[in-house]
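Residue numbers begin at 1 in each chain, while the letters A, B, ... track the order of the sequences.
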Amino acid sequence: MENSATRNDPLPSDAVTYDPSAIEQKWQRIWQERGTNHTDLQRAQRPFYALMMFPYPSAEGLHVGNLFAFTGNDIYGRFQRLIGHNLFEPLGYDAFGIHSENYALKVGQHPMDLIPNNIANFQRQLERAGLMVDWRYKLTTTDPSYYKWTQWLFLQLFEQGLAYKKQAAVNWCPDCKTVLANEQVVGGLCERSKTPVEQRLLEQWFFRISDYAPRLLENLDHIDWSETTKTAQRNWIGRSEGAEIAFEAENVAGGECEIRVFTTRPDTIYGATYLVLAPEHPLVDGLVKPAERKRLNAYREKTKKQDIITRKTSTEKTGVFTGSYAINPATEKQIPIWVSDYVLMEYGTGAIMGVPGHDQRDFEFATKFELPIVRVVCGEREDASTPLHEAFTECESGTLVNSGMFDGFRVEAAKKAIVELLSKSGAAKPIVHYRLHDWCISRQRYWGPPIPIIYCEACGVVPVPEKDLPVVLPFIEDFKPDDSGVSPLARHEEWYRVECPKCGKMGRRETDVSDTFLDSAWYFLRYPSVGRDEVPFDKSITKKWLPVNSYIGGNEHAVLHLLYSRFITMALHDAGHLEFEEPFTRFRAHGHIIREGAKMSKTQGNIVNPDEYIEHWGADAFRTYLMFLGPYEQGGDFRDQSISGPRRFLDRMFASVQSMSSDGSPDHSVMRKLHQTIRKVSEDIPRLSYNTAVAAMMEYMNVLRKGERTPHRDEVLPLIPLVSPFAPHIAEELWEQTGGTGSVFDSAWPAFDPALAMDDSIELVVQVNGRVRGKITVARDIGEKAALVAALAEPTVAKFAVDTPKKVIFVPGRLINIVV
RNA sequence: GCGGAAGUGGCGGAAUUUGGUAGACGCGCUGGACUUAGGAUCCAGUGGAGCAAUCCGUGGGGGUUCGAGUCCCCCCUUUCGCACCA
């Protein structure tokens, strides 16, 4: 803070000067008294729901990144209110989950004690920032009145058959001691702890999100979201069109055995010279010949032990032969069946056909193990005998060769024709495969909502009746997870022993809790209905306020929270609870801020503490600076020195109101600039182009005060609402000082008058041979002939335009280019 | 490896919509005013070279055009996603 805390000097004695802390405290108090930030949800005529991603209330307190995000949303929301909407800008806390729990373990406190303290601290910090949040609708995911409905949501999905339990190989994080969703595993590492993830076979609850893959993908074309976010979702859903092809084989017991492979290149089947199964593939045992068994077992052991990260990143091909053969349904030749870890059990069918001529991985594998490489596609200027030095993967220019009756087919046509042929004998079928897997929601942890299920010896899996919700998370001292794969709650018999709701015999509660992402997958539905105990969300209020008009948040949630929220909304829509199936009409991803060119982190000790800055510069200057330091959707660089600029701007704004005069009439050219500024700011805010909006207002301030002129009242007043979304406290204060009634946020956005913004004379750029040689001031609507005459009259122009012009390019109102 | 985005003064960044004055705005810096003082405030200046006319400048190289930061081709660098996805 050395550089930034240098400004609170004694001020000239008599002048009324800008004192942010006094003004900010005053207006935060008045807003609360008057209920300025309150929304009348029932009576609103033009509802506008401006949502921001709610924070996880960490012990460190509010991060400047949170404030950057929230301020951007607040500006957008306040602007919507000023142009006549009824704004609803709620905020809450995402307080369940491993983050909180691990921190609690680390500091030796119980999360039930810790979280309320953290929330209180966050609340204090957020209130200082001056957000237009209606705190009456605050929600906290750890509150039983909230998670009661998270559990209800689970039951809804259970009833629809969208929640099911299965034993599956799941991602186990040995550090967090819980399973993780696929989305929480990044490059084989736990997204949170960066520990290599292991595979474990466990009974887990899943949601059938994969059933929704086509809809989740198609709807992306119709929603107004940041393109980067949509791309991330498309990649994650991972649609790929291809075919499933069956290869006949004989197992060691002498029985028939069918190996199904998924391929996007059925056209290359004549070049399939071997098959590869994933080491975990269930058919491997039956296929391995006694002579190969020892080597194969050793190989499978080795892959099992290897962590996923090395398996997925090393491209060195390894593998073993099973000793068995399959029949290629196209060539009817015998091809060997191999096992290799480059084939993954979780994708497709866990088996592939090896086409070394036209797949780089297969090429490497075949080269290493000396398997035949056959060319079945050739490009332009190639033929069937052109040697292959690497896989030929080009599709567009490809023509089939060595492919029997399909020789000469183009790749695309061959794909269809071959699948069609093979499907007649049942050997193939066209298939669309999605990478998206079902969402594993079980967590073997303590700090989450218990999954509302009871296991009964007689009745089996019994959902907890809705009237018994919430299943309250008990306060237990011993909440530490262990390596057993069993939840901490399972150690508390007094809690999990419960009567079966169906037959009344003693049963056992599900002791896993649900994923934190379930808490946040529906919170936007709850906000308008906070306080309603009998429903998760009120029907008419929901109809009035949802879907969310504008949602702003970080792109790190592109495939987690945002995808899950869409899925949950669709599922509730299908169950008749909602009338819409996409929750967020418009989504924009904000950027992230760094500090002095480096990433902010606790270890580097370069975290910006909002409290200190607000203390020294005021919340308004801090907000304005955050919005000014870079393009909102890209983020920017927080530099201590630079905050003085926006603060100076507010100082000058304040001073202008104190010194403005009502005598005479405003300056014509200043008023012109004012209207140009109104236009610019009105266009920039909806585009989230906040940095240029602030720059435009600064530019106007420079014009307003140029050469120490005394600004006129009419020149100054419209600036107050204009600046109010950015700096709400000072705007409110100046609004009051200048005789405004009520809140500036209940006034109107300044009207833009195109006639006033229009320049009557313009600077026309004069070029000779495309190079700028001068500028002439002319009437705005000057014609080409008059412009040419005026241009040639300029000495600097005449000097270069010595010959008769060959050609003249005239762009009305902008430039004239004389070609000689 | 694949895909997206980006490369502009000492620094953060404008201008890319529609090819038409490159460097808005701010920080920093320089000079000045007011001052006992200035790390406050205000005024003026600030891409580079040159006394000047002028020339050179948006990662590098080509191209299209009267005119290119903007469009096209090749290359380099940074960055963010995805990553043995069959």
Counting any heavy atom closer than 4.0 Å, what does [X] reach on the DNA or RNA strands: base, sugar-phosphate only, or nothing?
{"X": "A/R234", "answer": "nothing"}
{"X": "A/V765", "answer": "base"}
{"X": "A/Q767", "answer": "base"}
{"X": "A/L629", "answer": "sugar-phosphate"}
{"X": "A/N691", "answer": "sugar-phosphate"}
{"X": "A/N702", "answer": "sugar-phosphate"}
{"X": "A/T231", "answer": "nothing"}
{"X": "A/N235", "answer": "nothing"}
{"X": "A/R709", "answer": "nothing"}
{"X": "A/T228", "answer": "nothing"}
{"X": "A/V811", "answer": "base"}
{"X": "A/R435", "answer": "base"}
{"X": "A/K680", "answer": "nothing"}

> Which label fits B/G50, syn or anti, where anti is any glycosidic angle not within 90° of 0?
Replying inline: anti
> What do you reckon, is NZ of A/K416 surrounded by more than 12 foreign heavy atoms closer than 6.0 Å?
Replying inline: no
Is the phosphate of [N] approached by [X] (side-chain N or O, under 4.0 Å from OP1 or OP2)?
{"X": "A/R648", "N": "B/G26", "answer": "no"}
{"X": "A/R773", "N": "B/C55", "answer": "yes"}
{"X": "A/R595", "N": "B/G12", "answer": "no"}
{"X": "A/K775", "N": "B/U21", "answer": "no"}
{"X": "A/K706", "N": "B/C43", "answer": "no"}

> Can you tell me how far P of B/U78 sits from CD1 of A/I594, to the nearest Å?
Replying inline: 16 Å
> Can you check the A/M697 CE to B/A14 C1' distance for me, whole Å?
Replying inline: 16 Å
>> Work out how far the C1' atom of B/A15 is from that of B/U58, and round it to whole angstrom.
In response: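 Straight-line distance between the two C1' atoms is 11 Å.
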>> With rounding to the closest Å, how many angstrom separate the C1' atoms on B/G10 and B/U46?
In response: 11 Å
> Between A/T268 and A/R265, which heavy-atom pair has the shortest distance, and what is it?
Replying inline: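 Closest approach of A/T268 to A/R265: OG1-O, 2.8 Å.
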> Is there a side-chain contact between A/F628 and A/F726, using heavy atoms and a 4.5 Å cut-off?
Replying inline: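 No - every pair of side-chain heavy atoms lies 4.5 Å or more apart.
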> Which residue, A/F649, A/F638, A/F68, forms the ring-ring contact (aromatic ring centres under 6.0 Å, His included) with A/Y625?
Replying inline: A/F638
> Where the side chain of A/S403 meets the backbone of A/L400, is there a donor-acceptor pair that is under 3.5 Å apart?
Replying inline: no
> Could A/K317 and A/F369 be counted as a cation-pi pair, given that NZ or CZ must be under 6.0 Å from the ring centre and within 45° of the axis?
Replying inline: no
> So does A/E227 reach the base of B/G4 with its side chain, donor to acceptor, closer than 3.5 Å?
Replying inline: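 Checked by distance alone, the answer is no.
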